[in-house]
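Below, all heavy atoms of this structure are taken into account, side chains as well, without hydrogens, waters or symmetry copies. Chain letters run A, B, ... following the sequence lines, proteins first, then strands; residues in each count from 1. Fair warning: this is a prediction, and the values are worked out from it, not measured in the lab.
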Amino acid sequence: MLDALLLNTGVHVRFVVRNRLLLAFSLLMAGIFALEMIPMVLMDTSANRFSELQAVTSQLATFAMVFTASLGLFTVSSHLRNRNLKMVFTKPCPPGVWLASVYLSAALVAFVLYVVIALAAAGLSLAWHVPLQPGLAYAALDGFFRAIVWLSFVTTLTVAFHPVVAVMIALFVNDATFYGLKYMIAGAVAANGAKTWLTIATLACDVFYAILPMSQPFDDRTREVYASWRVAGADWLLLMGIGGYAVLVLVLSYAMSLLLLRRKALI
Amino acid sequence: MIRAEDVSVHFRQGIRRRRLKALDHLDLEIHDGDFFALLGENGAGKSTAMYCLLGLLRPTTGRVTISGRVPELGSDLFRSVAYLPEEPHYHDYLTVEEAVRYYGSLYGERMGAPRVRALLERLRLGEFAKMPLRKCSKGMKQKVGIAQCLVNDARVMFLDEPMRGLDPLAVKDFRDVLVEKNRAGVTIVMNSHLLAEVEMVATRAAILAHGRVVAQDTLSNLRAVDTTAYAVELQDHPDLPVFFVRESSLGGRVQGTVPVERLYELLDFTRANNLAITSVAQHKSSLEDSFFSILARKPPDA
């Protein structure tokens, strides 16, 4: 099983490296990143370099998160669309192993990306004479865990739906949507009183908010670290909690995706 | 033994989810060591039947077993199974060499470079080893499919239109390999439209129409004996009787059929003209003749 897992992981990494859509997507993201960096470069002074460094790493981390989620999307949808999974499952390689290799390969690529981001930020930090802070490593790890949550969410959606539908759902039916909706409904209740449909809507929002994975787990409690890049002992514990949450979402996503994959027509 | 018992497969199609019967109470029995052909028109259910036998499609009703086990996707059962799909649905981002290595390694085989090279050379794919599959021709992809069928020591081979896209030389090579494997006891299940090809290699066959088996027997039984005529081969003569129906002639010999009741008349003619007779045998129809007559005889009621 381990051999099959590693074999499939290697093949998926090859897929990622050779996929032209992913390359185009990466170039697009790089272009957006470069455009957003222009004003920063123009207004560069030695006084604001810490905030510039924070902005650069934040931009790169966002890019890495979107890229990681797209790895699950492209890998699953491409193999389902090309119907080549029948070549895998008519050999002693169960769907569970193949699916695990999708997550593993994406997680590996994401980990490498976040390590590169952390190293790049450390390099810039040294070049700009900004003191190296442990918050840099903290932000990279936190970003990696968030990327795993997004990867899990998008991968399960891709196994269930057409990739375009999956992207639409990921963009518009996520925890942030229902968080915002909850506030809107609360406002409506305050203005009009608790009407039946508003009570039902509140309940529905609560249910969806509880079911959907948190795209930015414990965001309110990590804000301090992101602002100063100083990390206290309790923050590391919190990071472990975020990691645990990401693993939990990953496991649930894997179980659901496997269930769906087994029911898919692979012919 | 591969067995399909009362297997039905229904698909839902369109917005109104109209039910489409792909297989209708299909029964198949394939014995160990058989070279079994699934025959039928397009849409008869041959590929669907093969997908069910492989576990790629769950029957709506009925049961499929290979050596008494229900085929589960990716199970250990597949260690001794090889499958060649009809369409080249391979990992097209891999090169020819990488694809063969990957598929072989999935069986748990050690696929070192010399072994992969030897396999590719055997199929005349050596010079295309580094070519991405997406750039390969249909025939080359088919050879990759064949290569991955030959890496494990399969005891059962499922081949869906195996000769599709192959050049005549490759067809002959692969046919020889299959016959050799079958003689060594490997069970082969093959879908094909090429009846002449099937006739050369298969030992048993099932004819499918509208998802049902309309005939299932040994090939010699399927090629029915014609009780109304004899097949005769004799020395050619320009004044052969008109009731002798010529089929072919070569090197001063002629083959043809003669109605049973006129055989002695023909023999009298050969004696009178001192013509050599090579053979007189009961006339057997070709698989193609049988195929059409069976399909015509049993109109599907589906």
Problem - Heavy-atom contacts under 4.5 Å, residues 258-267 of chain A to chain B - result: L266(A), I267(A)

Practice task
Please determine if K86(A) forms a cation-pi arrangement with Y83(B), meaning its NZ or CZ atom is less than 6.0 Å from the six-membered ring centre and no more than 45° off the ring axis.
Solution key: no

Problem - Heavy-atom contacts under 4.5 Å, residues 107-136 of chain B to chain A - result: Y107(B), R134(B)

Practice task
Write down the atom of T90(A), the atom of L54(B), and the distance for their closest heavy-atom approach.
Solution key: CG2-CD2, 4.2 Å

Practice task
Could you have a look at P71(B), P85(B), S105(B), G74(B) and say which one has the most heavy-atom pairs with chain A under 4.5 angstrom?
Solution key: G74(B)

Handout entry: Proximal component of N82(A), with respect to chain B [non-hydrogen, under 4.5 Å]
Key = both

Exercise for the section: Using heavy atoms and a sub-4.5 Å threshold, report which of residues 143-164 of chain B line up against chain A, by residue number. Expected result: Q148(B)

Handout entry: Within 6.0 angstrom of M240(A) CE, more than 12 heavy atoms from elsewhere
Key = no

Handout entry: Within 6.0 angstrom of F11(B) CZ, more than 12 heavy atoms from elsewhere
Key = yes

Problem - Which atoms of S75(B) approach chain A - backbone, side chain, both or neither, heavy atom under 4.5 Å - result: backbone

Problem - V88(A) versus chain B, the contacting section by heavy-atom distance below 4.5 Å - result: both

Practice task
Assess whether atom CE of M256(A) is packed by more than 12 heavy atoms of other residues, nucleotides or ligands within 6.0 Å.
Solution key: no

Exercise for the section: Tabulate, in ascending numerical order, the residues of residues 86-102 of chain B having at least one heavy atom closer than 4.5 Å to a heavy atom of chain A, or enter 'none'. Expected result: H89(B), Y90(B), H91(B), D92(B), Y93(B), L94(B), T95(B), E98(B), Y102(B)

Practice task
Starting from the C-alpha separation in whole Å, work towards a yes-or-no answer on side chain to side chain contact (heavy atoms under 4.5 Å, CB included) for L85(A) and L73(B).
Solution key: CA-CA 10 Å; L85(A) 288 182; L73(B) 288 181; over 6 Å; no

Exercise for the section: State whether the number of non-hydrogen atoms from other residues, nucleotides or ligands found under 6.0 Å of Y209(A) atom OH is greater than 12. Expected result: yes

